[in-house]
Amino acid sequence: MERTYLMVKPDGVQRGLVGEIISRFEKKGLKIVGLKMLRIPREMAETHYGEHKGKPFFGPLVDYITSSPVVAMVLEGKDAVSVAREMMGATNPLKAAPGTIRATYGMDIGRNIIHGSDSPESARREIGIFFRPEELTDYSRAVEGWIY
Ligand code: RTP
Ligand code: MG
């Protein structure tokens, strides 16, 4: 089983999409193993988006992600990283496949509703930034055999 880090971004929280987004992943069969709301400190945001340091959108991206609370979560399941990325859709909501979260709810590349780790390595790094080990749970869903 694989874990991924997902985060409803400030625009998703402010637009009341938290429940809808979590619900999509739950119904798909991914298991929530960590969940919290937080206002990201600037330094944490710069670490999280460190790969983009120096790019023109880095400053605005950090300003945006720290501007208002996010909902952070760790989901677990078979190929969780790629499954979640597929469900999110492309970075630019206008190019995202129909039915994906970004295509359904977003209009702007800089306000694209949700973040998801782009590889298992990124997932491990990002989970470590946002969650302490004791904040992650271990439990069985009732229909474990059908939940991947
Ligand atoms: P995320 O990290 O937020 O899940 O998004 P992503 O993997 O799909 O995209 P990434 O390349 O990691 O970019 C991180 C965020 O930066 C903003 N961005 N703006 N104006 C631009 O050209 C541009 N490119 C990226 C987006 O908000 C993107 O989610
Ligand atoms: Mg990314």
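We count ligands from 1, going down the list as the structure has it; atoms in each ligand are counted the same way.
Remark: R15 fails to qualify as a cation-pi partner of Y105 under the 6.0 Å distance and 45° angle criteria applied to the six-membered ring. In this structure, K9 forms no cation-pi arrangement with Y64, as its terminal cationic atom is not both closer than 6.0 Å to the ring centre and no more than 45° off the ring axis. Cation-pi geometry between K55 and Y49 is not met at under 6.0 angstrom from the ring centre and within 45 degrees of the axis.
In this structure, a donor-acceptor pair under 3.5 Å is absent between the side chains of T100 and E86.
Using modelled atom types, one side-chain atom of R39 and one backbone atom of S67 make a donor-acceptor pair closer than 3.5 Å.
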Please determine whether salt bridge (Lys or Arg N to Asp or Glu O under 4.0 Å) holds for the pair E121 and R125, giving the CA-CA distance in whole Å, both sets of side-chain angles, and the decisive distance to 0.1 Å.
CA-CA 6 Å; E121 295 70 37; R125 190 182 78 86; over 6 Å; no

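Closer than 4.0 angstrom to ligand 1 by heavy atom are K9, Y49, H52, F57, L61, R85, T91, R102, I109, G110, N112, H115, G116, sorted by chain and number.
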